[in-house]
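So the structure is just underneath, and the comments pick up after that.
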Amino acid sequence: MMDESAIRESRQMLRQVHEHLLLAHQDLGAYRETISVVDVVHHPINPLPDFNYVTPRRNTAWVSGQYVKQGLDRLRALGRTPRVQYVEGLFPPLFAKTLLDLGLELERETPLMIYRSSGADTMLPPASSGANSAGVQIQMVADQRGIEMWWYVWRNAFYDVLTLGVEPLVVGRDMAALLMGKHIDLLMMRHNFPIGVARLSVQESNKSAHLVALAMMKEARTPERMRALLASILRAALARGCDLVFAPGETEDDRRLCRELGFIDVSSIICYIARSANSAADQKEKHGTLVQPLLTLR
């Protein structure tokens with residue numbers, strides 16, 4: 001059982017994750033509208049679930065069903081599916097019952113892996129580990145050609161893909177985001193051919209980063225290369241002043257790899273949806289025109 005200091009540290013990390021996602025969604029064009037003790041996040045043109053949800057306001061210890069309902073009604077008025085998203089560890093288990101009583105049901109639960117910088121970061125392997133061998137190198141994307149190469153890997157069926165699924169990949173704004181420092185893209189090259197990619201979303205004001213996507217060619221994938229790519233993205237985040245990096249933990253293999261580099265298992269991101277919303281139209285909304293459909297590493 002965690003002591004009080006560990007609980008405080010855990011909650012601080014989860015608040016950083018919560019704020020990071022709000023800022024990232026706003027950067028992608030979503031609005032944040034405050035109604036009492038909840039925030040209603042909504043996008044004016046994109047119905048993707050990631051952009052349209054109710055979430056408790058930061059530092060709110062408890063939210064009654066009455067206030068959640070007000071937020072859900074606002075989403076309905078905007079023509080969006082009633083949906084609540086929150087970081088589980090910030091609220092007591094009873095909050096889930098409140099959502100069930102409002103006619104919602106669990107849509108997804110995504111485990112969170114969090115890396116908190118110690119300053120020394122002694123668990124990170126040397127930069128040369130797993131790369132710079134057999135013609136393998138890891139480089140940062142800095143131009144349009146690199147962006148095109150990144151998307152070639154992401155869209156290719158010969159690559160395994162990992163994503164948390166709560167911060168979408170948006171086509172067409174990559175160069176601007178790179179120049180603004182909103183994300184970092186890495187390429188793993190073997191003999192000048194891309195075998196792996198990773199994308200890190202950065203919120204410097206929040207000192208946080210999110211491993212939005214990672215992909216590796218199936219035939220080239222080894223634990224050493226996966227570890228090297230993930231370690232490189234961690235170093236890039238630390239170099240930008242981020243003291244927290246979070247990533248998905250969908251499978252035990254994902255979690256094991258993250259733990260080897262110093263990540264810890266901390267809570268989950270929970271999403272509830274109206275029970276009557278599971279129609280064909282609502283399934284269609286999950287693939288908005290601005291984003292690449294999200295896949296999960298298997």
Side-chain angles (χ1 to χ4, degrees), residues 20 24 27 113-115 117 121 123-156 158-165 167-171 173-204 208-248 254 257-258 260-263 292 294-297:
H20 179 106
D27 286 340
M113 304 292 294
I114 294 180
Y115 181 94
S117 174
D121 300 298
M123 296 187 71
L124 289 181
S128 60
S129 176
N132 299 326
S133 60
V136 175
Q137 293 184 329
I138 298 174
Q139 61 191 50
M140 196 172 293
V141 172
D143 56 24
Q144 190 60 41
R145 181 177 177 275
I147 290 171
E148 291 169 359
M149 206 175 294
W150 195 97
W151 278 106
Y152 166 80
V153 171
W154 179 255
R155 290 169 161 166
N156 197 308
F158 292 101
Y159 295 76
D160 283 327
V161 175
L162 167 69
T163 175
L164 188 57
E167 186 178 340
L169 300 176
V170 178
V171 181
R173 67 187 302 275
D174 305 74
M175 199 68 233
L178 282 176
L179 293 173
M180 293 170 63
K182 292 298 183 180
H183 72 233
I184 298 169
D185 286 349
L186 292 185
L187 285 167
M188 176 175 275
M189 308 288 290
R190 183 175 63 181
H191 304 302
N192 297 318
F193 183 82
I195 62 171
V197 299
R199 171 165 292 182
L200 190 75
S201 161
V202 176
Q203 291 295 334
E204 291 184 340
S208 60
H210 168 207
L211 180 60
V212 179
L214 186 150
M216 182 77 70
M217 181 182 285
K218 295 175 183 178
E219 67 175 30
R221 179 179 172 179
T222 66
E224 292 75 23
R225 286 174 181 160
M226 290 289 287
R227 189 179 302 110
L229 187 54
L230 185 53
S232 294
I233 208 76
L234 279 175
R235 288 192 203 92
L238 297 173
R240 290 286 294 275
C242 298
D243 60 20
L244 179 143
V245 182
F246 64 102
D254 302 338
L257 173 63
C258 287
E260 289 175 2
L261 292 173
F263 283 81
Q292 183 74 0
L294 301 177
L295 307 176
T296 302
L297 179 64

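- Distance check: Arg235 CZ to Leu230 CG gives 10.0 Å after rounding to the nearest 0.5 Å.
- Contact record, Met140 with Ala236: CE-CB, 4.2 Å, taken as the closest heavy-atom pair.
- With a 4.5 Å cut-off on side-chain heavy atoms, Gln139 and Leu186 do not count as touching.
- Taking the side chain as every heavy atom from C-beta outward, Asp185 and Val197 never approach each other to under 4.5 Å.
- A 4.5 Å side-chain heavy-atom check between Asp27 and Gln203 finds at least one atom pair inside the cut-off.
- Side-chain contact between Leu211 and Ile233: present, with at least one pair of heavy atoms (C-beta onward) separated by less than 4.5 Å.
- Closest of all the heavy-atom pairs between Glu167 and Ser201 is OE2-OG, 2.6 Å.
- Side-chain contact between Ile138 and Leu187 is absent, with no heavy-atom pair separated by less than 4.5 Å.
- Legend: residues meeting salt bridge (charged side-chain N to carboxylate O under 4.0 Å, His left out) with Glu204, ordered by chain and number and at least two apart, are Arg240.
- Atoms CZ and CG, from Arg227 and Leu261 in turn, are 7.0 Å apart once rounded to the nearest 0.5 Å.
- Looking at Trp150, its side chain never comes within 3.5 Å of a backbone N or O of Arg145 through a donor-acceptor pair.
- Contact record, Cys258 with Met113: CB-CE, 3.7 Å, taken as the closest heavy-atom pair.
- The minimum heavy-atom distance linking Cys242 with Val202 is given by the pair SG-CG1, 3.9 Å.
- Using modelled atom types, one finds a donor on one side chain and an acceptor on the other under 3.5 Å when comparing His20 with Ser208.
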